[in-house]
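Below: one structure, written as structure tokens.
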Amino acid sequence: AAATVIAIQNVPARPAAARPGASARNSAEAAGLRLASYASRAAASEPPWQPSQWIYSDVLNSAPGPMKPGGRSDSVITWTRVDQHQFAYYQDFTHGKLVIENEVPFLGQKTGAFGRPVTEGDLYSYLQSLPTTPAALRAVIARNVQTYDQKPGMKKVNALFGNPAITGNYGVWYEIQMTLDGTILPPKLLAAVYGILATDPAVHFDKSVTDNVGQTGVGFYTLEGVWKYEIMINPSTYAYMGVNAVAVRSWTRHWTVDGVTHTGVHIRKGEGGWTDVVASGIVQHPGQKP
């Protein structure tokens, strides 16, 4: 089930004009830093989430093939209790009977947060334990990458499918992207994530992005191999809008097993996958909309 993060209200980002003679790149990176700073200020004034509140999310996921704005309309609406103890959805995902599930079906299963596997029932307490300053949070993520992503089994899987190694700056990016794509983050933790992205020299700021339902925003992106990975953000509310992974050139996947090279899926330039957050917000009861 897709989960998402909540908009932080009432502190609009107002990027300052670039200094005369500043390069476009420097101007963009400065705008990214300003957005992270505004988001942090807004988060500091936001009341903390209560464990008994619910997070509403309306999420649209891609189908394989080229990314076509407006090409899909089957979004999934869910409610997740802040403490992760309950989950709710419509029986047919769009309307009908509201179904509320307890955490029981998830006991013993693992989820992930910033690279660390945690049991489903422990996710809330783990998120609460994390630091909310960018440098300290980045250190935790980097440590998780080193601890959990460098095991021989994980390296073998990445090599088998031609995926980039989850190490260094890319490892931190990867774990942030995976967490935003499937884990609910409190406002202060989300602002710290933006601070990490804004200060990473391997991450760039995009002043204008449009998601696949036509929403406009800004983005932090990185290039890794044939892929451009971009985290999209609403610059007025600082809400997470989703993630795009787009091939920057055509590419055919090859991998070698026991000395034999195999050829897999051919990916054309512009193809990829994405998740768009159509709407999100905090509510008091499942079934409510913000």
Side-chain angles (χ1 to χ4, degrees), residues 2 4 24-25 28-29 31-32 59-76 112 114-115 141 145 149 154-183 193-194 196-198 200-235 240-257 260-278:
T4 187
R25 173 180 166 80
E29 307 314 308
V59 176
L60 183 69
N61 292 298
S62 67
M67 290 168 28
K68 297 179 179 178
R72 293 284 300 275
S73 59
D74 52 338
S75 61
V76 176
F114 298 119
I141 301 171
V145 168
D149 290 331
M154 179 65 77
K155 288 184 176 181
K156 186 174 182 180
V157 168
N158 288 328
L160 179 65
F161 290 99
N163 297 329
I166 303 172
T167 58
N169 280 19
Y170 174 71
V172 172
W173 168 277
Y174 174 85
E175 295 302 351
I176 285 175
Q177 175 185 304
M178 293 296 291
T179 300
L180 288 177
D181 209 27
T183 305
V193 165
Y194 295 163
I196 294 171
L197 299 176
D200 188 335
V203 176
H204 311 288
F205 188 72
D206 195 337
K207 291 184 177 180
S208 179
V209 298
T210 303
D211 69 11
N212 294 278
V213 292
Q215 299 177 126
T216 58
V218 297
F220 287 108
Y221 71 91
T222 191
L223 300 171
E224 186 69 25
V226 302
W227 296 103
K228 176 183 179 181
Y229 300 103
E230 184 151 32
I231 289 168
M232 299 177 293
I233 302 163
N234 183 315
Y240 170 63
M241 289 173 50
V243 62
N244 279 342
V246 184
V248 295
R249 59 180 172 82
S250 297
W251 170 69
T252 301
R253 175 177 288 160
H254 302 281
W255 68 91
T256 301
V257 179
V260 179
T261 299
H262 302 264
T263 300
V265 178
H266 178 71
I267 305 224
R268 291 187 291 272
K269 181 179 179 179
E271 290 186 343
W274 45 268
T275 298
D276 287 340
V277 179
V278 180

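Rounding to the nearest 0.5 Å places OG1 of Thr275 at 8.5 Å from CG of Asn244. Taken from CG in Leu60 to CG in Asp211, the straight-line distance is 8.5 Å, to the nearest 0.5 Å. Atom CH2 of Trp274 sits about 4.5 Å away from atom CG of Asn212, to the nearest 0.5 Å. With values rounded to the nearest 0.5 angstrom, Ile176 atom CD1 is found 6.5 Å from Ile231 atom CD1. Separation of atoms CG (Leu223) and OH (Tyr229) is listed at 10.5 Å; rounding is to 0.5 Å.
In this structure, the side chains of Ile141 and Ile196 come closer than 4.5 Å at one or more pairs of heavy atoms. Residues Asp200 and Trp173 are not in side-chain contact: their nearest non-hydrogen atoms beyond the backbone lie 4.5 Å or more apart. Between Tyr174 and Val145, every side-chain heavy-atom pair lies at or beyond the 4.5 Å cut-off.
Of all the heavy atoms in Asp181 and Tyr240, the pair that sits closest is OD1-OH, 3.7 Å. Heavy-atom minimum distance, Ala202 versus Asn169: CB-ND2, 3.9 Å. Nearest heavy-atom pair across Val203 and Glu29 is O-OE1, 3.5 Å. Between Ala198 and Gly32, the closest heavy-atom pair is CB-O, 3.6 Å.
When the side chain to side chain contact (heavy atoms under 4.5 Å, CB included) test is applied to Ser250, the partners found at least two apart in sequence or on another chain are His266, Arg268, Lys269. The side chain to side chain contact (heavy atoms under 4.5 Å, CB included) search around Val209 returns Asp206, Glu230, Met232, not counting sequence neighbours. Remark: Phe220 pairs with Phe205 by the ring-ring contact (aromatic ring centres under 6.0 Å, His included) rule, at least two apart or across chains.
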Evaluate the criterion side-chain contact (heavy atoms from CB on, under 4.5 Å) for residue pair Val243 and Leu180; output intermediate values, then yes/no. CA-CA 9 Å; Val243 62; Leu180 288 177; over 6 Å; no
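Judged by distance alone, with hydrogens and angles left aside, the side-chain atoms of Gln215 form a donor-acceptor pair with the main-chain N or O of Val277 at under 3.5 Å.
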